[in-house]
Visitor: 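Have a look at this one before I ask anything.
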Amino acid sequence: MDQDEGLTAVDNIVTQFSTYEDFLDSQITTVDLYYLEDESLARQLVELGYRGTGDIIKREDFEARKAAIEIARLAERTQKKALTSAGKDLQDNFLKALAVREEDNRNGKISSPNLFQLNQQKPEAAHTLKKQLASVIFIRDKNSHGQEVSGYIDYAHRLKTEDFEVYFTGKKRLLPKSTDLSFYNWDSQIAVCNSSPNYQVISDNPEGLLFKYKRDRKILNVDPKAPPGDNSSRIPIQTELYTQTIIFDHISRRKT
């Protein structure tokens with residue numbers, strides 16, 4: 001039995017029984033109790049491996065795995081509660097689009113694969129692929145000074161560095177910054193590009209700005225006249241909050 005199979009077997013036991021004593025009791029037969037006449041002694045013999053009807057695991061392994069599973073469960077519950085779009089009454093299409101993508105960009109995995117029809121892999125092989133969503137947001141609008149600005153935002157990176165509660169509640173408007181993937185002020189002619197933890201900016205391309213996703217090294221092309229690239233989609237969002245918004249969804253696929 002390899003390590004993964006061993007963990008699976010332990011997990012099955014840990015999730016089935018509340019305590020280690022319950023697990024030991026499940027291994028004791030009526031014949032054991034008849035001859036031993038002592039439940040405590042029967043448990044000790046099962047724990048030592050002298051009696052039992054199935055696989056035996058050590059108490060420390062059972063309790064350690066039980067604790068790990070509980071920590072993972074609590075972490076998952078906390079993560080779901082941490083979604084800043086949860087419970088918000090979102091009316092605008094752009095905010096709704098961000099909310100739909102928040103969990104996947106925040107967690108770095110696809111929780112709703114049917115939402116994005118980018119994966120052309122045959123269904124029977126889909127379980128062998130690990131998928132990750134990395135969205136890039138394009139916004140064009142005016143800033144607080146009345147200047148027109150535009151830029152591309154690495155959504156996953158911004159989620160890690162900012163509290164999006166203010167955007168989903170409408171207290172603040174999401175706008176590109178000079179620290180984002182791309183920022184351009186149309187009035188001052190200031191243009192800035194920055195690579196992020198997820199994307200490398202390719203700004204010297206003669207045909208326009210490109211972003212290379214670092215995980216699979218696929219190119220995301222944001223030129224509206226060109227295809228967005230492998231496993232990527234370009235989705236214009238009709239919104240009343242901004243002059244123009246587009247969301248580029250890139251799904252990285254890796255065999256597991």
Side-chain angles (χ1 to χ4, degrees), residues 93-95 97-98 100-102 104-110 113 115-121 129-143 145-162 164 167 173-239 241-255:
N93 291 333
F94 178 64
L95 294 180
L98 293 185
V100 167
R101 293 161 173 81
E102 182 185 4
D104 290 345
N105 276 276
R106 190 182 290 277
N107 296 342
K109 62 182 180 180
I110 300 293
L115 181 64
F116 306 102
Q117 302 299 323
L118 303 180
N119 183 13
Q120 302 301 318
Q121 191 73 17
L129 296 173
K130 183 178 181 181
K131 306 172 192 175
Q132 182 174 17
L133 176 68
S135 300
V136 172
I137 305 166
F138 172 79
I139 295 177
R140 181 167 65 90
D141 204 70
K142 291 186 177 181
N143 61 18
H145 302 292
Q147 300 171 320
E148 184 171 349
V149 296
S150 63
Y152 294 89
I153 299 169
D154 180 343
Y155 188 25
H157 181 52
R158 274 274 206 125
L159 282 170
K160 293 183 183 298
T161 57
E162 273 191 75
F164 266 63
Y167 301 127
R173 297 170 68 248
L174 178 64
L175 287 173
K177 300 179 178 180
S178 59
T179 53
D180 283 315
L181 290 172
S182 167
F183 172 83
Y184 183 64
N185 186 311
W186 293 79
D187 289 29
S188 65
Q189 303 291 300
I190 294 177
V192 182
C193 291
N194 307 279
S195 293
S196 73
N198 301 308
Y199 283 98
Q200 176 187 345
V201 178
I202 302 175
S203 57
D204 56 356
N205 177 53
E207 298 180 359
L209 196 63
L210 300 173
F211 302 118
K212 179 189 289 186
Y213 188 52
K214 294 180 178 180
R215 186 170 182 265
D216 61 9
R217 304 184 67 81
K218 297 288 187 180
I219 297 295
L220 174 63
N221 192 337
V222 296
D223 184 350
K225 298 179 181 179
D230 292 343
N231 306 323
S232 297
S233 64
R234 180 182 188 274
I235 307 171
I237 308 294
Q238 296 296 321
T239 173
L241 300 178
Y242 302 90
T243 302
Q244 183 183 13
T245 59
I246 302 170
I247 296 181
F248 297 86
D249 288 320
H250 176 69
I251 292 181
S252 171
R253 301 178 299 174
R254 182 175 63 185
K255 290 184 178 181

Visitor: Return the orientation label for the Y199 and H250 ring planes: parallel under 30°, perpendicular over 60°, tilted otherwise.
Guide: perpendicular
Visitor: Minimum heavy-atom separation for S203 and C193, please, with both atom names.
Guide: CB-SG, 4.3 Å
Visitor: Which heavy atom of L174 sits nearest to which heavy atom of Y242, and what is that distance?
Guide: N-OH, 2.9 Å
Visitor: Considering only heavy atoms from C-beta outward, does the side chain of I137 approach that of Y152 to under 4.5 Å?
Guide: no
Visitor: Tell me if the NZ atom of K214 is crowded by more than 12 foreign heavy atoms within 6.0 Å.
Guide: yes
Visitor: Just checking Y155 against F164, ring centres under 6.0 Å apart?
Guide: yes
Visitor: Would you say Q189 has more than 12 foreign heavy atoms packed within less than 6.0 Å of its CD?
Guide: yes
Visitor: Evaluate side chain to side chain donor-acceptor pair (under 3.5 Å) for N93 paired with T239, printing each intermediate quantity in order.
Guide: CA-CA 6 Å; N93 291 333; T239 173; over 6 Å; no
Visitor: Just jot down the side-chain hydrogen bond (donor to acceptor under 3.5 Å, both in side chains) partners of N205, sequence neighbours excluded, or say none.
Guide: none
Visitor: Could you go through the side chain to side chain donor-acceptor pair (under 3.5 Å) check for Y213 and Q200 one step at a time?
Guide: CA-CA 6 Å; Y213 188 52; Q200 176 187 345; over 6 Å; no
Visitor: Taking all non-hydrogen atoms of both residues, which atom of R158 and which atom of D180 are closest, and how far apart?
Guide: NH2-OD2, 2.8 Å
Visitor: Tell me whether R234 contacts the main-chain N or O of I246 through its side chain, where contact means a donor paired with an acceptor under 3.5 Å.
Guide: no
Visitor: Testing the basics here: between A97 and I237, what is the closest heavy-atom pair and its distance to 0.1 Å?
Guide: CB-CD1, 4.1 Å
Visitor: List for me each residue that meets side-chain hydrogen bond (donor to acceptor under 3.5 Å, both in side chains) alongside N185, sequence neighbours excluded, and say none if there are none.
Guide: Q147, S188
Visitor: If I take atom OG from residue S196 and atom CD1 from residue I153, how far apart are they, to the nearest 0.5 angstrom?
Guide: 11.5 Å
